[in-house]
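What follows is a single structure, written as structure tokens, with notes after it.
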Amino acid sequence: MSKLRFRVVETAFKKKAATVETPAERPSEYFAKYVFNREKMFKYLPGAVYAKLTDAMDNGAPLERAIADEVAAGMKRWATELGVTHYTHWFQPLTEGTAEKHDAFVEHDGKGGMMEEFSGKLLVQQEPDASSFPNGGIRNTFEARGYSAWDPSSPVFVVDDTLCIPTVFIAYTGESLDYKTPLLKALSAVGKAAVDVCRYFNPEVKKVVAYLGWEQEYFLVDEGLYAARPDLLLTGRTLMGYESSKNQQLEDHYFGAIPTRVMEFMKELEIESLKLGIPLKTRHNEVAPNQFELAPVFEECNLANDHNLLVMALMRKISRKHGFRVLLHEKPFKGINGSGKHNNWSLGTDTGILLMAPGKTPEENLRFITFIVNVLMAVYRHNGLLKASISSATNAHRLGANEAPPAIISSFLGTQLSKVLEHLEKSEPEDLMLAGKQGMKLDIARIRTSPFAFTGNRFEFRAVGSEANCASAMLALNAAVAEQLKTFKTEVDAKIADGKDTFAAILEVLRKDIKECKAIHFDGNGYSEEWKAEAARRGLDCETSVPLIFDAYLKDSSVRMFESTGVMTRKELEARNEVKWEMYTKKIQIEARVLGDLTMNHIIPMATKYQSSLIDNVYKMRELFPADKAAHLSSKNMEIIEDIANRTIFIKEKVDEMVNARKIANKIESEREKAIAYHDRIVPMMEAIRYHIDKLELVVDDQIWTLPKYRELLFIR
Ligand code: ADP
Ligand code: MG
């Protein structure tokens, strides 16, 4: 082992788990300690202000300036007691992740001194100089700037000395420049549409909300080993590395005991998350070595998404305190499982009904089937778009790869629910009523191969990437369901107007829809080759090239759906696609550069060094032995010498070719065409180069190899 690598590995092994102090209070006591939630609002705000604010939170009522001033004053009082000196508008640019710009509370006091100030204006609106955030051309740098504005449905919270205000980020011309704005619009649209449909069954329902429960998968890698891998450091994944002889074959890591150092990290993460009001509940090992998962109790979708982004930030920070780096990339290691973020999604009413859960009476079951079928219709109509919503340069390594959902969206329903739908489609409406009497018992999807599975009282969108902002998938899904529910209502109402009984009208439309969306329903093995052929026959979107998958956003059906639900305009969709293509190109571009550098600075020098020592040996053999014997004794070394020569020549030539291909691609003006060039030309070259590098890793002396290997990255914890 090279000296450097030896030192790094040795230090990693010797690391002791840092112990985390458990707070003296119980979790229920420190939960949401750093959140300006209703309890604090009640305590720090005058009664009338509290009432107005909660109205804004619950019903989206506008917040007047005078009220905002009072809210800000109360917030500041609370925050100052926690030692807070700064505030920031916390928003979700299209780069993914979150962005913040901190300002101190200080202002001139007019007497040559400073005073602490935080007005309603500062709470409600800020103008980050954010001209360098990607905006797809909507907001040219010389134009008016974008502004951020508080989203009162997500409470303000404190991190360190800073008051964080969740905000939307919008151009002055009104277009959204972030993920939160269209998500809020989609949630509002689906809420309204669902209330309307719900009222056929429960006229008292006033509000429907979408819920999200995410399950976050991630890897932990020792910080020292991470630092010795420039590819991990710069791209978040290993661009090379031969599979470890042992990885996940024995499945001994999955649900095994959590390693001590990891456990301490998890503990601290949980404590800090709970203090921020994030209800973390579940933690366990995942399938691959050094892979783990955590999940909270589900929450209203917008808040759940803010919490996911916050947790990812906390993970990055807290892992370092424990000598780890967290890898949120969808595929940090080749040959073992990647990381996803299952999005458990459902709709629920203000009267406590989960609309995706079966009930006990015939009416309840008709309502249940109504919502299930409408979701299936939405997913069927927009399957290409939903795939686009979870696609990225990084998730591409996971989708379509062996262990992950295929790059085709389909829905798993399970035997019971499938039977109910079949029955309903074929027979008389009365059958549903009969099924209802015995109550519906449903089998739950244990099969993990479906990208969109019904799991008892919710759907699980499993294709979402571990690093992604869930909003991308959630805004597409909720908007699509909103559109479908509206269509459904129009069709049912038309039948009612024709004199049909309400339930009979609903049944008629459902039966038509069940037939229409059959293609989306698939309970078989999604990883099989047969499914790919079958899905294509069914007319489902089977595109695998990410830049082309993004085209789905601009299909007429998508634009119509987003515009009719008020979620996004064509202009916004076009701009966002520009950003998506640009991001795709940049990610591959960075990877290609890092691969090129590593090849020239690490791989070829290491291989050549080892090759030279073999050549030296061959020469010395000739001095020691007669020519014939020397040739025989050196034959294996000669083979390796040649093998190394062939591979290094190939690698060097490919790297040169790749640099040229990049130069050509970079000149392409259209972002779409450029991304396609990167996908079609650069990615295959990177794979070819990697293949030979990984072969070299197998032959080159371990003492000379400077980069930590898979067995070290994956098994030291
Ligand atoms: P799994 O067995 O798939 O790991 P879990 O029981 O751990 O499932 O739940 C995964 C996530 O689903 C959790 O965040 C949980 O709160 C959430 N969840 C449960 N029910 C619902 C629901 N009706 N709507 C949305 N999310 C839900
Ligand atoms: Mg799950």
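No experiment lies behind these values; they were computed from the predicted model shown. One-based numbering, in listed order, for ligands and for the atoms of each. For the single chain, residues carry numbers from 1 onward in sequence order.
Between the side chains of H382 and E483, a donor-acceptor pair is found at a separation under 3.5 Å. Using modelled atom types, one finds no donor on one side chain facing an acceptor on the other under 3.5 Å when comparing S339 with H329. Residues D178 and S176 bring no donor and acceptor atom of their side chains to less than 3.5 Å of each other. Side-chain contact check for S466 and E217: no donor-acceptor pair (N or O, by modelled atom type) lies under 3.5 Å. Checked by atom type, the side-chain pair Q92/N469 shows a donor-acceptor distance below 3.5 Å.
With a 4.0 Å cut-off on non-hydrogen atoms, L354 touches ligand 1 through its side chain and not its backbone. Residue E215 touches ligand 1 through its side chain alone, judged by heavy-atom distances below 4.0 Å. Contacts between H342 and ligand 1, counted as non-hydrogen atom pairs separated by less than 4.0 Å, are absent for every part of the residue.
Proximity annotation for atom 23 (N) of ligand 1: of G456, S346, C301, G348, S346 comes nearest, heavy atoms only. For atom 15 (C) of ligand 1, the choice among A295, A453, P296 with the nearest heavy atom turns out to be P296. Evaluated by nearest non-hydrogen atom to atom 11 (C) of ligand 1, the leading choice among L355, T455, N344, N343 is N344.
Between Y211 and ligand 1, a contact under 3.5 Å exists for no N or O pair. On a distance-only criterion, V297 and ligand 1 share no N/O pair closer than 3.5 Å. Checked against a 3.5 angstrom limit, the closest N/O atoms of W345 and ligand 1 fall outside it. Close N/O approach between E293 and ligand 1 is not found [any backbone or side-chain N/O within under 3.5 Å]. Checked against a 3.5 angstrom limit, the closest N/O atoms of F298 and ligand 1 fall inside it.
Within 6.0 Å of CZ on F715 lie more than 12 heavy atoms contributed by other residues, nucleotides or ligands.
Using a 30° and 60° split on the angle between ring planes, F169 and F91 fall in the tilted class, from 30° to 60°.
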